[in-house]
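Each chain gets a letter, A, B and so on, in the order the sequences are listed, and its residues count up from 1.
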2 protein chains.
Amino acid sequence: MNRSASIKDVANHASVAVGTVSNVLNYPDRVSQRTKDRVLKAIDELGFVRNDAARQLRAGHSRTIGLIVLDVGNPFFTAVVRAAEDAAALHGSAVLLGDSGHDAAREANYIDLFQEQRVQGLLISPVGDVTERLDLLRERGVPTVLVDRLADEAKFSSVAVDDDAGGYLAARHLLDTGRRRLAFVGGPTSIRQVADRLQGARRAVKEDADATLEVLESEGQTVLAGRSVGNSLVERGREGLPDGIFCANDLLALGVMQSLTMTHTFRIPEDVALIGYDDIDFAVSAVVPLSSIRQPTEALGRTAIQLLAEEVESRNPTHRSVVFTPELVVRQSTKAN
Amino acid sequence: MNRSASIKDVANHASVAVGTVSNVLNYPDRVSQRTKDRVLKAIDELGFVRNDAARQLRAGHSRTIGLIVLDVGNPFFTAVVRAAEDAAALHGSAVLLGDSGHDAAREANYIDLFQEQRVQGLLISPVGDVTERLDLLRERGVPTVLVDRLADEAKFSSVAVDDDAGGYLAARHLLDTGRRRLAFVGGPTSIRQVADRLQGARRAVKEDADATLEVLESEGQTVLAGRSVGNSLVERGREGLPDGIFCANDLLALGVMQSLTMTHTFRIPEDVALIGYDDIDFAVSAVVPLSSIRQPTEALGRTAIQLLAEEVESRNPTHRSVVFTPELVVRQSTKAN
DNA sequence: GCAAATATTTGAATCGTTTCATTGTTACGA
DNA sequence: TCGTAACAATGAAACGATTCAAATATTTGC
């Protein structure tokens, strides 16, 4: 069997018209039970599978939406992807996933590919700035929603998480559990996420007159970078040590934790409380389970799809931006003394 | 601009025939420079983008291949995905990615979707056994390659990694660095990967008459499961302790490491050597950098695409299975005494 | 048993591209 | 000047599904 069966083959085999087969597939109520049975039997016998290309051609658009993420390996995006897939399934569409890997050229490739596929719309976490190509897409009327990046509402809808609020939440929690000499670990501050989280932390500390915040800039956002910051803290000795540390992400926090616990000079949370950001899977299984700030990834993904659906349905292009507030997850590393 | 421009619009605008526009797009050499310029100008002015559905319909197949993985969050699959995308790009095709999340229903959905899309072929890490649906696909002549699972060569091509060899490699390394009382941590042994790795370790231990292997079954493959095994080892005290531990994956190994280092009774690697499996990103940044067994994910992805290309091109269905040998990565946790 | 109303079925037209046999054009050697 | 390649451009036919006005069957009410 070389060429797969078409609707015409099914029609012949069941001795009906092609339109009838189509009706069985799309409007079963219009067809009598008898013919429906015959047609379904023929479909089964021939192993007929709808040709989506032909269907799309006629319909003028596909039933898929494009999703371009910066890095499928990042648990944050993985979760968004999953939520988006599930939400899209409810709308009867499927998600085409592209991974730009922070590479503008790959991103451009995917944008072009998805445009040729006539996707219903596009969800994208853009590499760097909103590019020309993306603007062009918008002008051509392809509904587009930016993910994890705030956008000019005149141009795009977008969903993002409020990092300032997350920073505030983390610092507020440390303060509320009695800590007074806080430290922020993260860097470089040129990264928007890091800067916003720090700003939120500053805001919380200002509210308590007797509290202080020290900034320890790290070289990157890895476990190793965290460990190196931790080591410098250990060298300082007991008197200079902050009693509450907020790390810009969980990897940093795990590194700091390794340094502090290895020496056995400091106990977490008795001597120092420690909180991270992102609530990655490893947070719960750290030596001391790590408190963290959780981003509502499922809601983000779901909302992205919903905004996209709104754009697709409404003819006139009004855009919306939705900002989510992250959530505090308390574990042992910040238990009150 | 409501409906996007078609090739016919371009033809009118440039005052040429539709066939000529098509030639400019597909066989630029057949067209004179003068008309080519005119057509390209028209394409640009109208913002024409090829409609892939129409192209596919005519061609009878798409330029995409489907890839269904068990879990995009798993670093192993993420790496395979990336390699497959790059390799496919070289062949001029794009990858449609689906995440079954170990769920047979989602897997089935993707198989159906991809079939409607008339993908050129399918790469799949099946949930559980090779299902009926997959067999059907094969019978319908959709080239299919199984990833990370050995297959009956009469039916499918496949790429996989030799877990027995990996187990052997890990145990052999412990033995070669002077360890004699080995322990294997992993479970449940009903998982093929776990069983194979254990079997390989047994094979290595048999080669050294004075060496022993003890099996410590864990409840799952997580950090917590590892920690609980580790704790029971600590309770045993110094005399009963193995001097070399091989864990069925890195998460387990990290858990065991946490237990042993926290108590400060045992040192790694001086008292106990520890080796994991998978070489996840966290392995290098553990408290004691963890030795591990690395799977050649890039080669796996690349080869999967290549096998698929072979199936697509050759009319007669001969299948190949490629088995990769994993690689030992030595770090501090198994340094010789 | 008949007309009207309703339910079912039909099949030609359409979507946008590629293909390919045909026609038109140019250049060159005899 | 003519014949013949070689090259360019043409446009109708095909791909497979959906749509919809028209044709045909069936049911209903009287």
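Within the structure, salt bridge (Lys or Arg N to Asp or Glu O under 4.0 Å) contacts touching residues 85-114 of chain A (residues at least two apart or in different chains) are A:Glu85-B:Arg106, A:Asp86-B:Arg106, A:Asp99-B:Arg82, A:Arg106-B:Glu85, A:Arg106-B:Asp86, A:Asp112-A:Arg133.
Under the side chain to side chain contact (heavy atoms under 4.5 Å, CB included) criterion, B:Leu137 pairs with B:Ile111, B:Gln115, B:Leu122, B:Leu134, B:Val142, B:Thr144, not counting sequence neighbours. Every side chain to side chain contact (heavy atoms under 4.5 Å, CB included) that A:Arg320 has, sequence neighbours left out, goes to A:Ser157, A:Gln306, A:Leu307, A:Glu310, A:Val322. Evaluation of the side chain to side chain donor-acceptor pair (under 3.5 Å) rule for B:Ser15 yields no partner, not counting sequence neighbours.
For B:Arg50, a side-chain nitrogen or oxygen approaches OP1 or OP2 of C:dT18 to under 4.0 Å. For A:Thr35, no side-chain nitrogen or oxygen approaches OP1 or OP2 of C:dT8 to under 4.0 Å.
Each end of the helix from C:dG1-D:dC30 to C:dA30-D:dT1 gets its own rotation axis from five pairs of C1' atoms, and the angle between them is 40° to the nearest 10 degrees.
Residues from residues 17-26 of chain B lying near DNA chain D, meaning a heavy-atom separation below 4.0 Å, are B:Ala17, B:Gly19, B:Thr20, B:Asn23 in numerical order.
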Salt bridge (charged side-chain N to carboxylate O under 4.0 Å, His left out) evaluation trace for B:Asp52 with B:Arg55: CA-CA 5 Å; B:Asp52 201 58; B:Arg55 198 228 275 257; 3.6 Å; yes

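Of the candidate nucleotides D:dG16, C:dT9, C:dT19, C:dT19 has the atom lying nearest to any side-chain atom of B:Tyr27. In this structure, the nucleotide among D:dA17, C:dT17, C:dG16 sitting nearest to the side chain of B:Arg55 is C:dT17.
The existence of a salt bridge linking A:Glu298 and A:Arg302 is excluded, since no basic side-chain nitrogen approaches an acidic carboxylate oxygen closer than 4.0 Å.
Under 3.5 Å, the side chain of B:Arg58 and the base of C:dT17 form no donor-acceptor pair of N or O atoms.
For B:Asp29 and B:Ala59, each mapped to the nucleotide of DNA chain D holding its nearest heavy atom, the one lying further toward the 5' end belongs to B:Asp29.
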